[in-house]
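These notes concern the structure reproduced below.
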Amino acid sequence: MVYLVLIYFFLAGFAGYVIGRWADNYLNFWIGDPHYVPDHWIYGFLLMVIGVFIFDNALGLYLFSFGLGHFISDLRDFLNLKFYGKDGKERSQRRFWHID
């Protein structure tokens with residue numbers, strides 16, 4: 001049973017990472033890279049906080065893991081304390097499997 005919980009925890013984190021990378025590389029270009037939209041590490045941070053408050057069941061654990069993966073996918077912007085603004089990336093600069 002513990003193994004299944006760990007597997008689901010890592011799968012939720014991986015899904016959060018993949019969705020965060022997709023949003024950074026594709027959704028951002030699709031909506032025109034607006035300057036007023038918060039960076040997506042903020043959404044991951046909020047999901048982690050919400051997950052902690054409902055941590056008494058499995059949904060809170062998986063929500064925390066999903067938020068952690070989403071947060072990690074945009075770690076560089078968090079470390080630079082970039083809260084909102086344009087990314088300024090070109091389509092040729094997109095890389096999917098890295099931490100940005």
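Just so you know, these numbers come straight off a predicted model, no measurement behind them.
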Ignoring hydrogens, what is the shortest heavy-atom contact between Ser65 and Gly13? Give both atom names and the distance.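 Heavy atoms only, the tightest pair is OG-N, 2.9 Å.
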
ask   = Taking all non-hydrogen atoms of both residues, which atom of Ser73 and which atom of His40 are closest, and how far apart?
value =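 Looking at all heavy atoms of both residues, the closest pair is OG-NE2, 3.3 Å.
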
*Matching residue for Phe71 among Phe78, Phe64, Tyr43 - test: ring-ring contact (aromatic ring centres under 6.0 Å, His included)*: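 In the set Phe78, Phe64, Tyr43, the residue that makes a ring-ring contact (aromatic ring centres under 6.0 Å, His included) with Phe71 is Phe78.
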
**Prompt:** Looking at CZ of Phe14 and CD1 of Ile19, how far apart are the two atoms once the value is rounded to the nearest 0.5 Å?
**Reply:**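 Taking CZ in Phe14 and CD1 in Ile19, the distance rounds to 10.5 Å.
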
**Prompt:** CG/Leu6 to CG/Leu11 distance, rounded to the nearest 0.5 angstrom?
**Reply:**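 Leu6 CG to Leu11 CG: 11.0 Å, rounded to 0.5 Å.
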
Show which side-chain atoms of residues 47-55 pair as donor or acceptor with protein atoms under 3.5 Å away, not counting sequence neighbours.
none

**Message:** Test of understanding: clusters of I, L, V, M, F, W, Y form through side-chain heavy atoms closer than 4.5 Å, transitively. Do Leu79 and Phe45 belong to the same one?
**Reply:**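 The answer is yes; both residues are in one hydrophobic cluster.
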
Side chain Asp39, main chain Ile42, donor-acceptor under 3.5 Å: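 No, the answer is negative, given that no donor and acceptor are paired below the 3.5 Å cut-off.
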
Note to self: Please verify the inter-ring angle class for His70 with Phe66; under 30° counts as parallel, over 60° as perpendicular, anything in between as tilted.
What the structure shows: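 Taking Phe66 first and then His70, their aromatic rings lie parallel (interplane angle under 30°).
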
Under the rule for ring-ring contact (aromatic ring centres under 6.0 Å, His included), what residues qualify as partners of Tyr8, not counting sequence neighbours?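 Result, ring-ring contact (aromatic ring centres under 6.0 Å, His included) vs Tyr8: none returned.
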
Practice item. Take Leu61 and Phe9 through the side-chain contact (heavy atoms from CB on, under 4.5 Å) test and state the conclusion after the steps. Key: CA-CA 7 Å; Leu61 179 69; Phe9 181 82; 3.8 Å; yes

